[in-house]
J.: 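Let me give you the structure first, and then I'll get to my questions.
Numbering of ligands and ligand atoms starts at 1, following listing order.
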Amino acid sequence: MLNALMGEKLAIVSPKVQTTRHRIKGILTTDEFQIIFSDTPGIIDPKYKLHEKMMMAVKSALEDADLALLLVDINDNWQEADDIFSSLRLKGPSLLIINKIDSAPKVKQGQAISFFKDKKYVKEIIPLSALNGQHVEDLLKKIAELLPAGEAFYGDDEISDLPTKFFVAEIIREKIFSTFEEEIPYQTTVIVNEFKQKSTLVKIRAEIIVQRESQKAIIIGEGGKMIKQIGSEARKEIEQFVDQKVFLELFVKVRPKWRENELFLKEYGY
Ligand SMILES: Nc1nc2c(ncn2[C@@H]2O[C@H](COP(=O)(O)OP(=O)(O)OP(=O)(O)O)[C@@H](O)[C@H]2O)c(=O)[nH]1
Ligand SMILES: [Mg+2]
């Protein structure tokens with residue numbers, strides 16, 4: 001959704017839940033307006049300290065927002081979404097976004113609209129598809145209408161408040177999400193510890209952090225097969241993102257229980 005609104009890929013995407021772990025700001029500036037979007041993790045009951053940090057990112061975004069976009073997947077459980085939306089303490093109005101309309105019959109849209117239309121937190125309902133862009137422009141117009149007027153906060157060439165290093169680490173994390181099943185992506189984080197501009201390319205060194213030796217072996221793969229694959233997929237996308245040739249070096253490190261460790265979490269940007 002953030003990527004569709006921005007017309008640019010800032011947020012990594014995967015079919016697995018809990019892909020996003022940070023609050024990611026996307027700054028969209030046109031001749032008429034500047035909108036600052038905050039993408040956040042999904043709302044969950046925290047099981048680890050990492051989850052607590054993720055929910056703090058949600059909280060900070062809600063506290064700042066002049067307008068909330070509450071997203072529900074048309075194929076998910078609407079009642080569960082309603083329970084969560086009703087419990088939020090929102091500062092401003094909210095738009096209820098019914099996403100993925102490309103993946104459901106039209107009649108289901110009507111049913112979803114009927115379900116949500118009288119909910120107290122709903123200012124307006126917008127069904128759309130982030131995937132094919134259907135009604136995304138309508139949503140942008142609606143957001144611009146509802147936001148309070150003010151001076152632009154960021155320069156018109158800024159697209160996020162986060163550094164390039166962050167997005168590089170995210171791209172590598174996305175490849176880990178798409179390469180491995182089940183637990184590995186959830187036990188892993190990525191940190192970029194070198195980003196050097198050379199004459200003809202950017203040299204990047206990143207560490208993939210896991211919790212156990214066995215996970216390190218899986219990520220490296222037989223004869224380094226898996227890590228080579230991740231590196232090559234990530235490098236291509238990073239090259240597009242920084243618009244330069246990239247030399248990418250990946251290392252795997254074991255940090256037992258990093259998800260529970262305040263110091264590690266801080267070091268890894270959470
Ligand atoms: N068919 C369809 N799929 C979509 C659409 N929007 C997103 N998806 C898919 O839904 C899945 C989840 O997308 P994400 O962007 O990772 O979802 P998220 O809500 O940010 O989830 P987390 O970051 O994990 O909390 C991915 O496989 C996307 O390709 C859409 O409009 N239509
Ligand atoms: Mg996400």
J.: So is Lys119 actually on top of Phe115's ring, under 6.0 Å and inside 45° of the axis?
T.: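 Yes - Lys119 lies over the ring of Phe115, closer than 6.0 Å to its centre and within 45° of its axis.
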
J.: Using atom types as modelled and distance alone, determine if a side-chain donor or acceptor of Gln215 lies under 3.5 Å from a backbone N or O of Arg212.
T.: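 Yes, because the side chain of Gln215 sits within donor-acceptor range (under 3.5 Å) of the backbone of Arg212.
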
J.: Tell me which protein heavy atom sits closest to atom 25 (O) of ligand 1, plus the residue, atom name and distance to 0.1 Å.
T.: Gly42 N, 3.6 Å

J.: Could you tell me whether Val17 and ligand 1 have an N or O pair separated by under 3.5 Å?
T.: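 In this structure, Val17 places no N or O atom under 3.5 Å from an N or O of ligand 1.
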
J.: So which protein N/O/S atoms does the Mg ion (ligand 2) have within less than 2.8 Å?
T.: Thr20 OG1

J.: Looking at ligand 1, is there an atom of it that comes within less than 4.0 Å of some heavy atom belonging to Lys16?
T.: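 It does; at least one heavy atom falls under 4.0 Å.
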
J.: Can you name the one residue among Glu267, Glu207, Lys165 that meets side chain to side chain donor-acceptor pair (under 3.5 Å) with Asn193?
T.: Glu207

J.: Quick one: look at Ser14 and ligand 1, take heavy-atom pairs under 4.0 Å, and tell me if it's side chain, backbone, both or neither.
T.: backbone

J.: Provide the number and element of each atom of ligand 1 under 4.0 Å from a heavy atom of Pro15.
T.: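 That gives atoms 27 (O) of ligand 1.
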
J.: Would you tell me which option among Val136, Thr20, Ile24 has the nearest heavy-atom contact to atom 20 (O) of ligand 1?
T.: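 Shortest heavy-atom distance from atom 20 (O) of ligand 1: Thr20.
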
J.: To which protein heavy atom is atom 10 (O) of ligand 1 closest, and what is the distance rounded to 0.1 Å?
T.: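 Going atom by atom, the protein heavy atom closest to atom 10 (O) of ligand 1 ends up being Lys100 NZ, 2.8 Å.
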
J.: Give a yes or no on whether atom 3 (N) of ligand 1 lies under 4.0 Å from any heavy atom of the protein.
T.: yes

J.: Mark yes or no for whether Ser94, through its side chain, and Leu69, through its backbone, hold a donor-acceptor pair below 3.5 Å.
T.: no

J.: Should the heavy atoms of other residues, nucleotides or ligands under 6.0 Å from CD of Gln197 be counted, would the total exceed 12?
T.: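 More than 12 within 6.0 Å, yes.
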
J.: Please report whether ligand 1 has a polar contact with Leu128, defined as an N or O pair separated by less than 3.5 Å (distance criterion only).
T.: no

J.: Any idea which of Asn3, Leu2, Val13 brings a heavy atom closest to atom 28 (C) of ligand 1?
T.: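 Among Asn3, Leu2, Val13, the closest heavy atom to atom 28 (C) of ligand 1 belongs to Val13.
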
J.: Just say parallel, tilted or perpendicular for the rings of Trp258 and Tyr268, cut-offs at 30° and 60°.
T.: perpendicular

J.: Check for me whether the distance between the ring centres of Tyr186 and Phe177 falls short of 6.0 Å.
T.: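 They qualify: ring centres under 6.0 Å apart.
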
J.: What protein heavy atom sits nearest atom 22 (P) of ligand 1, and how far off is it?
T.: Thr19 N, 3.6 Å

J.: Would you kindly specify which portion of Asn99 sits under 4.0 Å from ligand 1, judged on non-hydrogen atoms: side chain, backbone, both or neither?
T.: side chain

J.: Name the orientation class of the two ring planes belonging to Tyr270 and His22 (parallel below 30°, tilted from 30 to 60°, perpendicular beyond 60°).
T.: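 Tyr270 and His22: parallel rings.
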
J.: Check whether Asp39 reaches the backbone of Leu2 with its side chain - one donor and one acceptor, N or O, closer than 3.5 Å.
T.: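 Side chain of Asp39 to backbone of Leu2: no pair is present.
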
J.: Report the part of Asp102 (side chain from C-beta onward, or backbone N, CA, C, O) that has a heavy atom under 4.0 Å from ligand 1; answer both or neither where that applies.
T.: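 The answer is the side chain of Asp102.
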
J.: If you scan the protein for heavy atoms around atom 18 (P) of ligand 1, do you find one that is closer than 4.0 Å?
T.: no

J.: Mind checking the CG-CD spacing from Leu50 to Glu260? Nearest 0.5 Å is all I need.
T.: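 Those atoms lie 9.0 Å apart.
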
J.: Quick one: does any side-chain atom of Gln211 pair with a main-chain N or O of Lys257 as donor and acceptor, under 3.5 Å?
T.: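 At least one qualifying donor-acceptor pair exists.
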
J.: Any idea which part of Gln18 is under 4.0 Å from ligand 1, heavy-atom wise: side chain, backbone, both or neither?
T.: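 Under 4.0 Å from ligand 1, Gln18 contributes backbone atoms alone.
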
